[in-house]
Amino acid sequence: MGKSYSVAVIGAGQIVNVHLEAIRQSERSRLTAIVDLMESRAEDLAAEFGAKAYTDYREMVLNEKPDIVIINLPHYLHKSTAIWCAEQGCHVLLEKPMALNVQECKEINEAAKRNGVLLAVGHMQQFFAEHVAAKEILSSGELGELVMINDRRYGGYFRESRPGWFLDKEKSGGGVIINLGSHSIDRIQWLTGSRIAKVKAILSHYGEQGDVEGSGSLFMETTGGVPVHLSVCGYTGAPANETELLFTKGSLRIRQRAELLMSKGGSYEPISVAKKADPFTEQWKVLLDALEYGSELPISGEYGQSVLAVVEAAYRSHVTGTEQKVELDSCSNSEYQISQSHVQHQK
Ligand SMILES: NC(=O)c1ccc[n+]([C@@H]2O[C@H](COP(=O)([O-])OP(=O)(O)OC[C@H]3O[C@@H](n4cnc5c(N)ncnc54)[C@H](O)[C@@H]3O)[C@@H](O)[C@H]2O)c1
């Protein structure tokens, strides 16, 4: 019988169920507590999943001493909650975006290192079956050299069901770029195995409520010199969520969670994609493997920081009207490898 980690979930809003399901699917984890300021939310889910309900995460951590906490809170609470939990010796899975800005990410990463705990960021799109298959084709060289990427994400951002804090810049850090664009930035960096190095961005602010951007057009360049055009639009219109990679000998089109298409000349043909578990379940497995065996953690805090560095550069570019270099100082490959100290960490 292997190790079984006790897990507590902090924040029981829109995203919580997929995490609860991932914990339930794994023999290596058991849910001990659910925390939410809204007592009834915590209580209802705790009853369903056989856990204890709390409204105060500090009280919960001190009482339950979970091995791992999953933080699903509004973005402005990520830093204080992650640092406090790390200081109590908890490993942390922090929902994306990692925090409001790069400075906050650095403080979170320093706290995790100082306390010898693992810190992961929920960039779960790395576990989409279409992304994994596309990365294999890209790495095989079958389509020649990658020459450009076009990524677009459209969908009604200002819908009524969206919790209000998302539209308040002080609480969310921004609008469609930090929230949805961070997924696109992650998938581009992860697929290409590189980092975004430069960004020129123009944003718009026509939302009917709140003070966050509703669209952004970003022209970027990877550290490998590949140009990337990213369009994110949150206004009313036809939804889209896709990434197109153009090579010297063909092209790939990923329609996220729908299909992968390839062309070697002529129209796109669908590619069969090996089935995978739900991406949150895959993410959870990778995190537990990193904890138990010290295996590579592609969603490390340093990686999460690299995504925020691109978001921050895009906001700077919009304000200054100039291309911005992305702060890359946290991006050496060795830092994506979780150190053995995490494996040996015992509370
Ligand atoms: N990976 C994805 O695809 C994905 C999808 C949706 C959301 N997210 C991310 O998940 C995080 C949470 O988003 P959400 O949509 O679930 O938000 P939400 O507003 O639905 O949920 C947040 C919950 O936190 C609770 N809360 C607020 N302050 C608290 C506190 N101090 N202590 C305890 N509970 C508190 C709220 O009552 C609410 O239930 C964000 O970082 C968001 O960007 C990721």
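Counting starts at 1 for both ligands and their atoms, in listed order. The residues of the chain are indexed from 1 along the displayed sequence.
- Under 3.5 Å, the side chains of Q256 and H131 contain a donor-acceptor pair of N or O atoms.
- Of the heavy atoms in I10, none comes closer than 4.0 Å to ligand 1.
- You'll find the ring centres of W84 and Y57 inside the 6.0 Å limit.
- Where the criterion is an N or O separation shorter than 3.5 Å, residue side chain and backbone included, F280 fails it with respect to ligand 1.
- Taking E110 as the reference, nothing meets the salt bridge (charged side-chain N to carboxylate O under 4.0 Å, His left out) condition, with sequence neighbours excluded.
- For N179, every heavy-atom contact with ligand 1 shorter than 4.0 Å involves the side chain, none the backbone.
- Taking the six-membered ring where the residue is Trp, the centroids of H75 and W165 are separated by under 6.0 Å.
- For ligand 1, the atoms lying closer than 4.0 Å to a non-hydrogen atom of H75 are 40 (C), 41 (O), 42 (C), 43 (O).
- Listed by number with element, the atoms of ligand 1 under 4.0 Å from a non-hydrogen atom of P97 are 43 (O).
- Heavy-atom contacts of H78 reach the following atoms of ligand 1: 41 (O) (cutoff under 4.0 Å).
- Taking only nitrogen or oxygen atoms, main chain and side chain alike, Y57 does not reach within less than 3.5 Å of ligand 1.
- For F158, the ring pair (Phe, Tyr, Trp, His ring centres under 6.0 Å) test picks out Y235, with sequence neighbours left out.
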